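Proteins come first, then strands; the chains are lettered A, B, ... in the order of their sequence lines, and each starts at number 1. As the structure is a prediction and not an experimental result, all values here were calculated from the model.
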Amino acid sequence: MKPAAFTYHRAHDVADAVGLLSDLAAAGGDPKVIAGGQSLMPMMTFRLARPSALVDLGPLRRMPSMTTIRAEGDHLTLGALVTHHAVETAALPDGFAVLARAMRWVGHLPIRSRGTVAGSLVHGDATAEWCLLALLLDAVVVAEGPSGRREIPAGELFHGFYATAVDHDEVVVEVRFTRPAPHAALTEFARRHGDFAIVDAAVALDLDGGSVTGGRVVLGGVAPAPVRVPEAEAVLASGGVAGDALWAAVADAAAAAVDPPDDAATTAAYRRRLTRTLVADACRDAAGGLR
Amino acid sequence: MNDPHLLSLTVNGTEEEVLVEPRRTLADVLRHDLRLTGTHVGCEHGVCGACTVLVDDAPVRACLMFAVQAEGADVRTVESLDDGVRLSDLQQSFSEHHALQCGFCTPGFLMLAEGVLAESPDAEREEIREALSANLCRCTGYQTIVDAVHATATSRRETTA
Ligand SMILES: Cc1cc2nc3c(=O)[nH]c(=O)nc-3n(C[C@H](O)[C@H](O)[C@H](O)COP(=O)(O)OP(=O)(O)OC[C@H]3O[C@@H](n4cnc5c(N)ncnc54)[C@H](O)[C@@H]3O)c2cc1C
Ligand code: FES
Ligand code: FES
């Protein structure tokens, strides 16, 4: 249970980090960025990952752009090194308050003290709460590479099985959430408190008084990557009175649409049942309004 | 490729300099290089919490941090709690509430609790219970650990009130 040897490099700024990644790769290495280390280190201790070099973004924490949460108009921008716990304890605008409420599902406090928003998204676990929230609130990941900065919309980010659109020579600098959702909720089921979920569901409702006029449904744990469920969103778009009958219809549509895996953790049938229960719960929670 | 780095950090108020291989975890540097064996190591992948210490006041898993990432940091371990003669109030409370049996998990629970109480001095039982769910204990059944931390929170509030 000890990681394989590697060389260690502290980045002084973003350009330095990008330069180090390119130089180390050009010299035949297999460098990786380390932020909070809460996913990379377990992978390295199990030797599922054996990078030849680590480029530490830790020193970039002194740059406000990497660690601040900024509300600008209808957008909320998080620096790449903002921690889960910083979001959990932040006073966020109503349209993004779901981010803070969802953090209690991410591991435990000591994990949330170190783990970062960008680290979660680049790691790309199919049940990671940040991955679901990115699809729910139209996140845009801003990554800097050797040829400059580019923006990757959440819809193009997740390739499944821990692969993402962020290239090996890129460093994520910020994540911008562009779709405020004052009526949103995330819920999940895990065998042990704090574990990654078996299935998790995030819902955002467009409400007009007591009527639903549309919304989003995002699921984790039912496919190799987190997914939106158009069939369930169609039920929300066709509208109706906010209430248990509508939530049940949305949940049934979601459960019918997914084709979850049978694996060592549990069966496809169980994941489908969880989908139905969790989508209904998330709808009910989301309609409960601003908490 | 052992590429040693000179690391400077503060541990329990003392400035330390250690020459470390980058792959050495903070838990291993505390235990093997600084001989502070109060920090325990169970799972080495972030699940059990036996290795919990405070880094710049936040509770973290010392097995999920490379020591080189702690450059310039202020680290507190379980050895900082007693004054050499008397146990701290929290340690005394663990003893009084039978919050330990074999004691393997205790250093991690103590440092986690110190971190939680420093950030949320007003924490009530439910919040304490939720926070302590981060760590595993194979002996006590947890109720007594929650009791011990809750009692300390309450008595600290009374003494500052
Ligand atoms: C016991 C335990 C329970 C957990 N439970 C949950 C859970 O319930 N839900 C959940 O979502 N997560 C959970 N996690 C994982 C945790 O959320 C991690 O913090 C997160 O997944 C990764 O963030 P990090 O900053 O630690 O990234 P790191 O571990 O440092 O890096 C992860 C990956 O992202 C890359 N990377 C990191 N930052 C950048 C960047 N700025 N630019 C480019 N690449 C980057 C790294 O190269 C690496 O490939 C758990 C972890 C543990 C140990
Ligand atoms: S040894 Fe660090 S969490 Fe188990
Ligand atoms: S007292 Fe034995 S593991 Fe907790």
Side-chain angles (χ1 to χ4, degrees), chain A residues 1-11 29-30 32 34-62 81 83-86 88-89 103-115 119 190 192-196, chain B residues 1-5 7 20-28 32 41-73 108-109 111-113 115-116 119-120 123 127-136 142:
Chain A
M1 292 296 291
K2 302 289 178 194
F6 57 86
T7 61
Y8 174 75
H9 311 266
R10 272 187 200 119
D30 164 29
K32 247 186 181 313
I34 186 164
Q38 303 301 290
S39 291
L40 188 53
M41 272 196 79
M43 307 244 316
M44 288 176 68
T45 44
F46 282 115
R47 302 208 177 186
L48 294 170
R50 307 178 65 140
S52 65
L54 287 186
V55 173
D56 188 0
L57 300 184
L60 276 56
R61 277 196 293 256
R62 58 181 164 62
L81 297 178
T83 62
H84 311 319
H85 188 55
E88 180 173 31
T89 51
M103 288 302 101
R104 68 184 196 85
W105 296 108
V106 183
H108 299 283
L109 176 62
I111 313 289
R112 298 197 291 269
S113 301
R114 300 269 316 152
R192 238 176 4 189
H193 190 66
D195 282 2
F196 277 100
Chain B
M1 204 170 65
N2 64 359
D3 182 32
H5 278 249
L7 164 71
V20 294
E21 229 191 311
R23 64 166 158 170
R24 208 132 163 107
T25 65
L26 178 60
D28 283 347
H32 298 291
V41 171
C43 67
E44 295 193 293
H45 64 278
V47 172
C48 74
C51 65
T52 307
V53 299
L54 300 181
V55 173
D56 296 330
D57 300 327
V60 307
R61 310 289 212 216
C63 73
L64 289 193
M65 216 175 143
F66 289 113
V68 284
Q69 293 178 282
E71 173 67 34
F109 271 104
M111 298 320 287
L112 174 64
V116 170
E119 185 175 323
S120 316
E127 186 180 346
I128 290 169
R129 211 178 130 81
E130 162 88 23
L132 295 182
S133 75
N135 286 18
L136 298 179
Y142 302 102

What's the separation between atom OG1 in A:Thr89 and atom CD in B:Glu119, rounded to the nearest 0.5 Å? 6.5 Å
Interface moiety of B:Val55 toward chain A, non-hydrogen atoms closer than 4.5 Å: neither
Under 6.0 Å from the CZ atom of A:Arg10, do we count more than 12 heavy atoms belonging to anything else shown? yes
Sequence-distant partners of A:Asp195, salt bridge (Lys or Arg N to Asp or Glu O under 4.0 Å), two or more places apart: A:Arg192
Within residues 60-69 of chain B, which positions have a heavy-atom distance to chain A below 4.5 Å? B:Val60, B:Arg61, B:Cys63, B:Leu64, B:Met65, B:Phe66, B:Val68, B:Gln69
Pairs flagged by salt bridge (Lys or Arg N to Asp or Glu O under 4.0 Å) wherever residues 104-115 of chain A is involved - sequence neighbours left out: A:Glu88-A:Arg112
Do A:Lys2 and B:Asp28 have side-chain heavy atoms sitting under 4.5 Å apart? yes
Please check if atom CG in B:Asp57 has more than 12 non-hydrogen atoms from other residues, nucleotides or ligands closer than 6.0 Å. no
side-chain hydrogen bond (donor to acceptor under 3.5 Å, both in side chains) against A:His193, all qualifying residues, sequence neighbours excluded: B:Glu130
Whatever's closer than 4.5 Å to a heavy atom in chain B on A:Met43 counts as neither
To the nearest 0.5 angstrom, please state how far the CD atom of B:Glu44 sits from the CE atom of A:Met41. 9.0 Å
Considering only heavy atoms, which portion of A:Ile34 lies under 4.5 Å from any heavy atom of chain B: side chain, backbone, both, or neither? side chain
Rounded distance [0.5 Å steps], CG in B:Asp56 versus OG in A:Ser113: 11.0 Å
Rounded to the nearest 0.5 Å, what's the gap from CE on A:Met1 to OG1 on B:Thr25? Could you check? 10.5 Å
